[in-house]
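Any value given below was found using the heavy atoms of this structure, including those in side chains, with hydrogens, waters and symmetry copies removed.
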Amino acid sequence: VETFNSFSEKELLRHGSKLYGRHKEMIPPRDFVKLVSDAIRDCGFELKTFLEHYFTARERRGKEERELFFSFLYDFRAILAEFDTSGDDASLFEKRVQEAKLSDRVTASNLLKIVKTVSASLEDSGSRTYSDQVPDTIALFRQNPSLIPSFSWVLVDEYQDVSPAQQELIDLLAPNRLFVVGDPRQSIFAWRGADPGVMLDFMKQCASREGVVMELSTNFRSSPEILSFANELISKAHGGKNPYSPLEPFVDTPGKVTVDSCSGEDEEARKVVDIISRSQVARNSIFVLSRTNRGLEKVKAQCKKEGIRF
């Protein structure tokens, strides 16, 4: 049992020298963070100033420098991965900078300097990043087909979160039988390259190649009201032409869905805690889910203010 990255890392540790011409190792996450921070300073920028130029005033509102920096890192990893895999087409990045809007051109140019600095540092130290694992394994297998392991069966879970690169790796493995499980409605990793279209394309190919597609539409967890709300939202996907059958409830426990709007996180926290304080549900059966940790901190502070233990 492996993740795509753990499988790729093991293959690169065994055979990576055939691709790189030398030994390379994964850079620890903390070292990578420091490397990017140092690169920003080496390019002549204070971190605070760089982040102020990278993010808009609206994006920076209510966020601390550390939170902004790690948001930037998400973007930076993807840009670095594209730059490192561009090979002889690296000049396209220079072209993109020149084609950027005048207001964005300076930031894009500075970002490219940082990308080049980090890329060169990784190469000099013989280091790889998390983003390198799958693309480098694909390159290794393409250059050395004899190294591709043979599998009678490959089973892929959470297939809706597979990226095109991961699908390319599956194609290279070319197992005798492929079994996948997933739900495109639950795809949540677009930020790291996941594309539910990969699964939708596979379903079409499977049907045309005498494969079997089994649709499981019974939901064993949620109340009919929640499923009705979810089905209504999902029905609007793909311009109303989505391929999903409505989910059917197995349980008949009554539920309720309420949608409200708030002017900001402070008002949202007050409303959430007000609902909790008026609820007849046992406190240890109430769950608060927030888009950000910062939002949860505000809810926690409001709970303490109202004397609600959690």
**Under the salt bridge (Lys or Arg N to Asp or Glu O under 4.0 Å) test, residues paired with Asp266 that sit two or more places apart** = Lys298
**Prompt:** From Asp171 CG over to Gln167 CD, what is the distance, rounded to the nearest 0.5 angstrom?
**Reply:** 4.5 Å
**Asked** Can you name the side-chain hydrogen bond (donor to acceptor under 3.5 Å, both in side chains) partners of Glu210, sequence neighbours left out?
**Response** none
**Item:** Separation of Phe4 CZ from Ser6 OG (nearest 0.5 Å)
**Value:** 10.0 Å
**Asked** Looking only at atom types and distance, does a side-chain atom of Thr49 sit under 3.5 Å from a main-chain N or O of Phe45, one as donor and one as acceptor?
**Response** no
**Prompt:** Got Val299 and Ser290 here, is their nearest side-chain heavy-atom distance under 4.5 Å?
**Reply:** no
**Asked** Looking at residues at least two apart in the chain, or sitting in another chain, which of them share a side-chain hydrogen bond (donor to acceptor under 3.5 Å, both in side chains) with Arg14?
**Response** Glu11
**Prompt:** Is any NZ, NE, NH1 or NH2 atom of the basic residue among Asp38 and Arg41 found under 4.0 Å from an Asp or Glu carboxylate oxygen of the other?
**Reply:** yes
**Asked** Quick check: does any side chain N or O of Asn219 sit under 3.5 Å from a backbone N or O of Pro249, one acting as donor and the other as acceptor?
**Response** no
**Message:** For the backbone of Gln133 and the side chain of Thr137, can you confirm whether one donor and one acceptor N or O come within less than 3.5 Å of each other?
**Reply:** yes
**Message:** I need the Ile138 CD1 to Gln166 CD distance, nearest 0.5 Å.
**Reply:** 8.5 Å
**Asked** With sequence neighbours excluded, what pairs up with Phe229 under the ring pair (Phe, Tyr, Trp, His ring centres under 6.0 Å) test?
**Response** none
**Item:** Glu215 and Ser245 side chains, donor-acceptor separation under 3.5 Å
**Value:** yes
**Prompt:** Which residues pass the ring pair (Phe, Tyr, Trp, His ring centres under 6.0 Å) test with Phe76, sequence neighbours left out?
**Reply:** Phe72
**Complete:** So the ring-ring contact (aromatic ring centres under 6.0 Å, His included) pairs with at least one residue in residues 142-177 (sequence neighbours excluded) are Tyr159-Phe202
**Asked** Taking side chain as C-beta onward, heavy atoms only, is Ser277 less than 4.5 Å from Ile308?
**Response** yes
Sequence neighbours left out, cut at 3.5 Å: what donor-acceptor pairs do the side chains of residues 125-132 make with other protein atoms?
residue: Ser125; atom: OG; partner: Ser121; partner atom: O; Å: 3.0
residue: Ser125; atom: OG; partner: Leu122; partner atom: O; Å: 3.2
residue: Ser125; atom: OG; partner: Ser127; partner atom: OG; Å: 2.9
residue: Arg128; atom: NE; partner: Tyr20; partner atom: OH; Å: 3.4
residue: Arg128; atom: NH1; partner: Glu9; partner atom: OE1; Å: 2.8
residue: Arg128; atom: NH2; partner: Glu9; partner atom: OE1; Å: 3.4
residue: Arg128; atom: NH2; partner: Glu9; partner atom: OE2; Å: 3.0
residue: Arg128; atom: NH2; partner: Lys24; partner atom: O; Å: 3.4
residue: Thr129; atom: OG1; partner: Ser131; partner atom: N; Å: 3.3
residue: Thr129; atom: OG1; partner: Asp132; partner atom: OD2; Å: 3.2
residue: Tyr130; atom: OH; partner: Asn5; partner atom: OD1; Å: 3.3
residue: Asp132; atom: OD2; partner: Thr129; partner atom: N; Å: 2.8

**Message:** Using a 3.5 Å distance criterion without hydrogens, assess whether the side chain of Thr117 forms a donor-acceptor pair with backbone atoms of Lys113.
**Reply:** yes
**Request:** Look at the side chain of Ser37 and the backbone N and O of Val33, then say whether any donor-acceptor pair between them is shorter than 3.5 Å.
**Result:** yes
**Message:** Can you confirm whether Leu140 sits close enough to His15 that some side-chain heavy atom of one is under 4.5 Å from a side-chain heavy atom of the other?
**Reply:** yes
**Message:** In the structure I gave you, are the side-chain heavy atoms of His23 and Ser17 within less than 4.5 Å of one another anywhere?
**Reply:** no
**Prompt:** Which pairs count as salt bridge (charged side-chain N to carboxylate O under 4.0 Å, His left out) when at least one residue sits in residues 193-204, sequence neighbours excluded?
**Reply:** none
Residues 54-63, side-chain donor-acceptor partners within the protein, below 3.5 Å, at least two apart:
residue: Tyr54; atom: OH; partner: Asp75; partner atom: OD2; Å: 2.7
residue: Thr56; atom: OG1; partner: Glu59; partner atom: N; Å: 3.1
residue: Thr56; atom: OG1; partner: Glu59; partner atom: OE1; Å: 3.4
residue: Glu59; atom: OE1; partner: Thr56; partner atom: N; Å: 2.8
residue: Arg60; atom: NH1; partner: Glu52; partner atom: O; Å: 2.8
residue: Arg60; atom: NH1; partner: Phe55; partner atom: O; Å: 2.8

**Request:** Taking the side chain as every heavy atom from C-beta outward, state whether Lys256 and Thr258 have any pair of such atoms under 4.5 Å apart.
**Result:** yes
**Qualifying ring-ring contact (aromatic ring centres under 6.0 Å, His included) pairs, either residue in residues 265-310, two or more places apart** = none
**Asked** Under 3.5 Å, is there a donor-acceptor pair linking the side chains of Gln160 and Glu158?
**Response** yes
**Message:** Less than 4.5 Å apart, side chain to side chain, heavy atoms only: is that true for Leu47 and Phe69?
**Reply:** yes
**Message:** One thing to verify: whether Asp274 and Arg270 come together as a salt bridge, which I'm taking to mean a side-chain N less than 4.0 angstrom from a carboxylate O.
**Reply:** no
**Item:** Non-neighbouring partners of Ser208 that pass side-chain hydrogen bond (donor to acceptor under 3.5 Å, both in side chains), sequence neighbours left out
**Value:** none
**Partner residues of Asp157 under the side-chain hydrogen bond (donor to acceptor under 3.5 Å, both in side chains) criterion, sequence neighbours left out** = none
